[in-house]
Amino acid sequence: MNVIKLNNGTEVRVSPEDHARLAGYSWSRFRNGRAYRKELIPREERGGKKTHRTLLLHREVMGVDDDRQVIFRDGDATNCTRENLVVVDANFRPRQRAKKGGSSQYRGVGWNRAKGMWQAYVRVNGKLRHLGFFPEGPEGEEKAARAYDEVARAEFGELAVLNFPRVRRRRLAAHASALLKSKPRLVASVPLRAEPQPSAPAAPLLAMPAGPLPGPVVAVEVQPEAPAAPGESVEALFQKPVAELTPEELEAMKARFLGDRYRARPRRLVG
């Protein structure tokens, strides 16, 4: 492990590629836990009475010397590895502070004496948001911590400081393994062909009841559909003048126009 020891004995972790470059300086520690060192300003660059300038270790690791900010992903100022640092814009508002004591071991969790329960909360854009109360005991405290993680992950994304950062990694790993195990199925596109449906038998035009029929007898005269003239369709006959139509063509036109009402005409027999 690549560690830089500060003047008060605190150990700060750095990446292997930065250890040799930064370990030769004398580093101190601010109250907020961040490591710093003093550097003498060249005489030609001095402006006023200031002779030294302060350089922060985590900014030296990322090589930032402008007004941009360098954020700790896990909120731990002693973890100055490159994987734990991210550079953001100057107008970025710090979202979460490091855990400093308190009644709970988890971030965003506190003990409410009035209710005798654990309370979860998160600060977003300077406003404190209440997330609910949870029963006393280790299980309730853990549930409150997980409730905080869910909201912090939704609000701050990759910069969220979580109580259980490995939970998200396990979920992503499980999801990736599930995708690798699942085999895609190739379905061939076969054009659908409509199967011929059997035609229903034609219903009888008239069902005669058994026994004698009361009243006058009504007979039904069924006339077959008259075919059109040879070489001509029924639709073509509608385009011809009426005076030029033959009786057979008139019958075919009436049968097409009237349909069953014309082919099955009742006729009363007298006698």
Side-chain angles (χ1 to χ4, degrees), residues 1-6 8-16 29-35 56-59 61-62 69-89 92-182:
M1 179 182 296
N2 297 273
V3 175
I4 295 178
K5 287 189 177 182
L6 308 184
N8 63 347
T10 304
E11 295 183 350
V12 178
R13 291 171 292 169
V14 295
S15 300
R29 181 178 180 271
F30 281 123
R31 290 185 178 181
N32 58 5
R34 300 185 178 183
L56 297 175
L57 176 59
H58 63 289
R59 297 179 66 87
V61 170
M62 301 303 294
Q69 301 185 50
V70 180
I71 304 298
F72 297 91
R73 291 183 183 271
D74 59 357
D76 185 6
T78 62
N79 185 5
C80 291
T81 58
R82 291 182 176 269
E83 295 77 11
N84 190 46
L85 300 177
V86 57
V87 181
V88 297
D89 295 335
F92 177 80
R93 189 168 185 176
R95 72 275 183 259
Q96 298 163 295
R97 298 180 180 179
K99 176 68 176 177
K100 297 180 181 180
S103 56
S104 174
Q105 59 178 333
Y106 298 111
R107 187 184 310 274
V109 180
W111 178 255
N112 190 294
R113 295 183 180 179
K115 293 184 176 294
M117 304 175 68
W118 291 107
Q119 178 183 1
Y121 52 87
V122 63
R123 188 176 297 276
V124 181
N125 296 329
K127 296 182 180 180
L128 193 64
R129 182 187 302 180
H130 173 69
L131 304 180
F133 295 98
F134 300 85
E136 60 178 344
E139 295 182 359
E141 184 181 8
E142 183 178 347
K143 289 181 180 179
R146 294 187 182 278
Y148 167 84
D149 285 2
E150 292 295 333
V151 179
R153 186 181 295 108
E155 292 290 342
F156 309 119
E158 293 296 331
L159 298 180
V161 181
L162 306 178
N163 294 305
F164 304 98
R166 296 182 180 179
V167 174
R168 176 170 53 184
R169 297 175 184 175
R170 287 199 300 265
R171 291 178 180 176
L172 294 177
H175 180 65
S177 61
L179 292 179
L180 293 176
K181 292 180 180 179
S182 61

Could you tell me whether the side chain of Glu141 and the main chain of Gln105 form a donor-acceptor pair under 3.5 Å?
yes
Sub-3.5 Å donor-acceptor pair from the side chain of Trp118 to the main-chain atoms of Pro138, do we have one?
no
Between CZ of Phe30 and CG of Leu57, what distance do you get to the nearest 0.5 Å?
12.0 Å
Pair Asp76-Arg13, side-chain contact (heavy atoms from CB on, under 4.5 Å): steps then yes or no:
CA-CA 10 Å; Asp76 185 6; Arg13 291 171 292 169; 3.5 Å; yes
When you check the gap from the basic side-chain N to the acidic O, do Arg146 and Glu150 get nearer than 4.0 Å?
no
Between CD on residue Gln69 and NE2 on residue His58, distance to nearest 0.5 Å:
9.0 Å
Show the numbers, then the answer: is there a side-chain contact (heavy atoms from CB on, under 4.5 Å) between Arg82 and Val61?
CA-CA 7 Å; Arg82 291 182 176 269; Val61 170; 4.0 Å; yes
Could you report the tightest heavy-atom contact between Ala144 and Ala120, atom names first, then the distance?
O-CB, 3.6 Å
Minimal heavy-atom distance between Leu131 and Tyr148, with the atoms involved, is CD1-CA, 3.8 Å
Answer yes or no on whether Lys115 is positioned over the face of Phe133, meaning its NZ or CZ is under 6.0 Å from the six-membered ring centre and within 45° of the axis.
yes
Gap between atom OG1 of Thr10 and atom CD1 of Ile4 - 0.5 Å precision:
12.5 Å
Going from CZ on Arg113 to OG on Ser103, what distance comes out if it is rounded to the nearest 0.5 angstrom?
8.5 Å
Test side-chain contact (heavy atoms from CB on, under 4.5 Å) on Val122 and Glu155 and set out the steps.
CA-CA 10 Å; Val122 63; Glu155 292 290 342; 5.9 Å; no
Side chain of Asn79, backbone of Asn84: donor and acceptor closer than 3.5 Å?
no
Nearest-0.5 Å distance that lies between atom CE in Met62 and atom SG in Cys80:
11.0 Å
Could you state the interatomic distance from CG (Leu162) to OH (Tyr106), rounded to the nearest 0.5 Å?
13.5 Å
Heavy-atom closest pair, residues Ala77 and Val12
O-CG1, 4.4 Å
Is the shortest heavy-atom distance from the side chain of Glu142 to the side chain of Phe134 under 4.5 Å?
no
Between Asn112 (side chain) and Gln119 (backbone), is there a donor-acceptor pair under 3.5 Å?
no
Heavy-atom pair with the smallest gap, counting every atom of Val109 and Ser104
O-CB, 3.3 Å
